[in-house]
Protein chains: 2
Amino acid sequence: MQDVFSKLGPLIIGSRLKRMSDYIMRAGAEFYTSKGVDFEPKWFPLYYLLSHEKELGIMDIAQKLNISHPAVIQLAKELEKKGWVTSTKSKEDARKRLLKLSKKGISLLPQLQLIWDDIREVNRQVVESQSTNVLKALEEMEVFFASKSYTERMKEFQDSKKK
Amino acid sequence: MQDVFSKLGPLIIGSRLKRMSDYIMRAGAEFYTSKGVDFEPKWFPLYYLLSHEKELGIMDIAQKLNISHPAVIQLAKELEKKGWVTSTKSKEDARKRLLKLSKKGISLLPQLQLIWDDIREVNRQVVESQSTNVLKALEEMEVFFASKSYTERMKEFQDSKKK
DNA sequence: TATATTTGCGTAATCAATTACGTAACTAAT
DNA sequence: ATTAGTTACGTAATTGATTACGCAAATATA
């Protein structure tokens, strides 16, 4: 992705973010394997969330993780198969199925913590090497679009041109 | 993805990059639709590349775009169906199938250019709003990992802890 | 209380991209 | 000139996530 694309600059922010994200996620997967832990990066958000929140319904999780609810069901299915997560029907609301970490899931935590510490440390090295901090940049983008969405900004730009 | 995750910082660089990338890509798709142009963001890299390079083989493209060659074949199939891309067997190397923009594909370019200009402009606004430039941050990350991969850095960190 | 609407969940179909594998054409080495 | 190895491409299977759809429970409304 050099030469031709170097001049594109802002036009391909999306693709470049995706490429870097894929790269990091893949490296993360490698790392779990190298440590002999049968854990996949995609499980992290759900697992981590449950490790902090005791019990949560499918939709609550989907919202907190900002993914679709079928994705949550799928991830939960995998973690249940591993025996790390169990579910119970809610007594207050019969529609809800509550997820939580099983004992086995909780007992795995310390081992994962160590790995997460390592990942965090290397990521910190990345960030510290930067004169321009990627996390800060992301933070700023999130705030920027929270105040007004990309699509809205597009519309406004269109209108401003017409004048 | 607030509260629980806010303290994670560097641990979830990957997920956050992905989330932002997804967001921008989706907005891009919306924009094409709103302009009544039947073009998908995923086609952009291949289309744009061909608009600059005349003729290219599948593998050349895969390398330049940093995607797998089946992905190129798939994208090409779609663009061929649209009538924007044609292919010919290479005379120098009978294994190669060369892709290029068709006349129809070329004639679409000016219209797309206008849209790309708009996208570029709004993205520029994003970047200019930032005290910390996301493109610069990405650039730095790319350089950082080009000199030594994430996995290598992981290994080194592991070793340094043992001492 | 009956009815309409919303909410929570599950399944199915679809999508975009990958890995794995096979085949044919080219290249290098003997 | 054979053989071995590499390269280019295509297909199939898999992955990870989404949207679309439907059902049942809860909530709001008449």
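Quick note: numbers below take in every heavy atom, side chains included, and nothing from hydrogens, waters or symmetry partners.
Ring orientation note: the planes of A:F44 and A:W116 are nearly perpendicular, at an angle over 60° on the 30°/60° scale.
At whole-Å resolution of the value, CD1 in A:I58 and C1' in D:dA24 are 16 Å apart. Summarising the geometry, the separation between CD on B:E30 and P on D:dT19 is reported as 12 Å, rounded to the nearest angstrom. Look at CD on A:Q74: it is 12 Å from P on C:dA12, rounded to the nearest Å.
Salt bridge A:R97/A:E80: present, at least one basic N to carboxylate O contact under 4.0 Å. A salt bridge is absent between B:K64 and B:D60; no separation between the charged side-chain nitrogens and carboxylate oxygens falls under 4.0 Å. Residues B:D38 and B:K82 are paired through a salt bridge, judged by an N-O separation under 4.0 Å between the basic side chain and the carboxylate.
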Nucleic acid footprint by protein, nucleotides 18-23 of chain C - heavy-atom cut-off 4.0 Å, B for base, S for sugar-phosphate alone:
BBB---
Using a 4.0 Å cut-off on protein heavy atoms (strictly under), produce a 5'-to-3' string for nucleotides 24-29 of chain C with B for base contact, S for backbone-only sugar-phosphate contact, and - for none.
-BS---
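Heavy-atom distances under 4.0 Å link DNA chain D to no residue of residues 78-89 of chain A.
Using modelled atom types and a 3.5 Å distance limit, the side chains of A:K136 and B:T132 yield a donor-acceptor pair. In the model, B:S147 has a side-chain atom that pairs as donor or acceptor with a side-chain atom of B:R153 under 3.5 Å. No hydrogens or angles considered: a donor-acceptor pair under 3.5 Å links the side chains of A:S131 and B:E140. A donor atom on one side chain and an acceptor atom on the other are found under 3.5 Å apart for A:N123 and B:Y150.
Residue A:S51 forms a side chain to side chain contact (heavy atoms under 4.5 Å, CB included) with just one option from A:L101, A:L108, A:I106, and that option is A:L101.
Looking only at side-chain heavy atoms (C-beta outward), B:Q158 and A:K35 come within less than 4.5 Å of each other.
Taking the side chain of B:K77 as heavy atoms from C-beta on, and the options D:dG16, D:dT11, C:dG10, the nearest nucleotide is D:dT11. Comparing atom distances between the B:M59 side chain and each of C:dC9, C:dG10, D:dA8 picks out D:dA8 as nearest.
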Report the C-alpha distance between B:K96 and B:M59 in whole Å, list the side-chain angles of each, state the deciding distance to 0.1 Å, and finish with yes or no for side-chain contact (heavy atoms from CB on, under 4.5 Å).
CA-CA 9 Å; B:K96 281 195 177 178; B:M59 287 307 294; over 6 Å; no
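Residue contacts shown for A:I73 include a base, since a base heavy atom lies under 4.0 Å away.
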